[in-house]
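Quick caveat, the model's predicted, so the values are computed rather than measured.
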Amino acid sequence: MINRNLKGNRSIGLVAFSLCGHFAISVNWKDILNLAANNLGIARLDGYALGGNDIRINRTIVILQTLIIVALLGVISILVVKPDTNKTTNNHAIIINYDRADLDRLEEMVSRFNEGHGDNLMIIEPGMDSGPVIHDVITNGREIKWTVDHSRDAWFPKNKNKIVYECKSVRLHERDRDYIDVQLSQCEGFNGKEQLPVLSFPREKL
């Protein structure tokens, strides 16, 4: 949707540029120059200006052309790079590097949840001795569904390869000097006050 809006804005910009270009070509420059000349105290000219007046009129032409070009560029830049006000997140939907950018994205998700806004993330956690663990996170601003998929881990019990947490609270918690945890609470099937760690960020990567 964001790309579609950007293309639409570019199309509008091109149309505006075309229309403004047509205006710049079709305008009666002679009338504009005579009007400017009158405002500057220069006699109205139907032919060629002579002497010092010629220099003053040429200067007027340059000033008018510069103002028109600046105005056209301003309109085009506003239309083409107009920000998308409907954008809800920074579009960073996959957590895989466990770096500062990934932690910032999780902080954004937590903040949006606390403000009542939905979000979704896929988190790829590297396995110790086997395939990665996949976290699928979906929120609607009131509840958060956090699915942990161990099916790619050959050492994990097959009857417990997927764990689904349905909770009403999420937070980032600084466990110690080495780790920052993502914790869920008020989860179905658990003590409401219990903080369940579902993910950890090593500080050495931040």
Side-chain angles (χ1 to χ4, degrees), residues 1-10 77-206:
M1 178 177 179
I2 295 172
N3 290 333
R4 191 180 308 145
N5 288 339
L6 183 56
K7 290 179 180 178
N9 287 336
R10 287 177 177 169
S77 64
I78 291 173
L79 291 173
V80 172
V81 301
K82 180 180 179 182
D84 184 359
T85 56
N86 293 323
K87 185 178 179 181
T88 56
T89 70
N90 63 15
N91 206 32
H92 178 187
I94 299 179
I95 303 296
I96 191 172
N97 297 314
Y98 288 76
D99 55 10
R100 170 53 62 179
D102 283 354
L103 182 60
D104 289 345
R105 181 63 180 89
L106 267 172
E107 287 179 340
E108 179 188 1
M109 185 270 291
V110 172
S111 177
R112 287 177 55 78
F113 179 82
N114 291 332
E115 294 171 357
H117 302 299
D119 207 341
N120 62 82
L121 289 173
M122 175 181 288
I123 303 170
I124 302 176
E125 180 183 3
M128 295 286 293
D129 300 311
S130 188
V133 178
I134 309 298
H135 298 249
D136 187 22
V137 183
I138 302 174
T139 78
N140 59 11
R142 299 181 304 276
E143 297 179 339
I144 180 168
K145 183 177 180 180
W146 193 298
T147 303
V148 185
D149 183 359
H150 293 272
S151 61
R152 296 164 185 80
D153 187 347
W155 302 103
F156 205 84
K158 294 302 178 183
N159 61 336
K160 296 182 180 179
N161 59 11
K162 269 193 180 183
I163 303 174
V164 179
Y165 300 96
E166 295 184 0
C167 310
K168 295 183 178 180
S169 181
V170 58
R171 72 173 186 174
L172 294 178
H173 175 68
E174 296 186 9
R175 185 202 316 173
D176 51 34
R177 296 174 55 186
D178 298 321
Y179 291 96
I180 297 175
D181 294 337
V182 181
Q183 296 181 339
L184 303 175
S185 61
Q186 300 180 43
C187 303
E188 291 187 10
F190 295 88
N191 185 315
K193 296 182 179 180
E194 185 177 1
Q195 299 289 342
L196 306 175
V198 288
L199 196 67
S200 297
F201 273 74
R203 285 187 180 273
E204 62 184 13
K205 290 189 176 183
L206 303 178

Under the side-chain hydrogen bond (donor to acceptor under 3.5 Å, both in side chains) rule, collect the residues that match up with [X], sequence neighbours excluded.
X	value
Ser185	Ser169
Glu107	none
Gln183	Arg171
Arg175	Asp181, Ser200

In the structure I gave you, are the side-chain heavy atoms of Asp149 and Val133 within less than 4.5 Å of one another anywhere?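 Not touching, per the 4.5 Å side-chain cut-off.
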Could you tell me if the side chain of Ile123 sits less than 4.5 Å from the side chain of Leu199, heavy atoms only?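 Contact flag for Leu199/Ile123 side chains = yes.
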Under the side chain to side chain contact (heavy atoms under 4.5 Å, CB included) test, residues paired with [X] that sit two or more places apart:
X	answer
Asn97	Asp99, Asp102
Glu115	Ser111, His117
Val110	Asn114, Val170, Leu172

Evaluate the side-chain contact (heavy atoms from CB on, under 4.5 Å) criterion for residues Ile163 and Thr147: first the C-alpha distance (whole Å), next the side-chain angles of each, then the deciding distance (0.1 Å), finally the verdict. CA-CA 6 Å; Ile163 303 174; Thr147 303; over 6 Å; no
Show, in sequence, the C-alpha distance, side-chain angles and deciding distance for Val137 and Met122, and conclude whether the side-chain contact (heavy atoms from CB on, under 4.5 Å) test is met. CA-CA 6 Å; Val137 183; Met122 175 181 288; over 6 Å; no
From [atom1] ([X]) to [atom2] ([Y]), nearest 0.5 Å:
X	Y	atom1	atom2	answer
Lys205	Leu103	NZ	CG	12.5 Å
Arg152	Ile124	CZ	CD1	8.5 Å
Asp119	Asn140	CG	CG	11.5 Å
His92	Met109	NE2	CE	12.0 Å

In short, salt bridge (charged side-chain N to carboxylate O under 4.0 Å, His left out) pairs touching residues 185-194 with sequence neighbours left out are none
Is there any salt bridge (charged side-chain N to carboxylate O under 4.0 Å, His left out) pair reaching into residues 133-146, and which pairs are they, with sequence neighbours excluded?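 For residues 133-146, and leaving out neighbouring residues, there are no salt bridge (charged side-chain N to carboxylate O under 4.0 Å, His left out) pairs at all.
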Could you walk me through whether Leu196 and Tyr165 pass side-chain contact (heavy atoms from CB on, under 4.5 Å), step by step? CA-CA 9 Å; Leu196 306 175; Tyr165 300 96; 3.9 Å; yes
Can a side-chain donor-acceptor contact be found between His135 and Glu125 if the only test is distance below 3.5 angstrom?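 Yes, side-chain donor-acceptor contact under 3.5 Å.
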Start with the C-alpha distance between Ile180 and Leu206, add both sets of side-chain angles, then the distance that settles side-chain contact (heavy atoms from CB on, under 4.5 Å), and finish with yes or no. CA-CA 10 Å; Ile180 297 175; Leu206 303 178; 3.9 Å; yes
Not counting sequence neighbours, which residues clear ring pair (Phe, Tyr, Trp, His ring centres under 6.0 Å) with Tyr98? List them please. Phe201
Tell me, please, which residues at least two apart from Glu174 pass salt bridge (Lys or Arg N to Asp or Glu O under 4.0 Å). Arg203
Without swapping roles, check the side chain of Arg112 against the backbone of Gly118 for a donor-acceptor pair under 3.5 Å.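 Yes; at least one donor-acceptor contact below 3.5 Å.
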I'd like to know if the side chain of Ser151 and the backbone of Asn161 have a donor-acceptor N/O pair within less than 3.5 Å. no
Under the disulfide (SG to SG under 2.5 Å) rule, what pairs show up with a residue in residues 171-206, not counting sequence neighbours?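 Passing the test, one end in residues 171-206: Cys167-Cys187.
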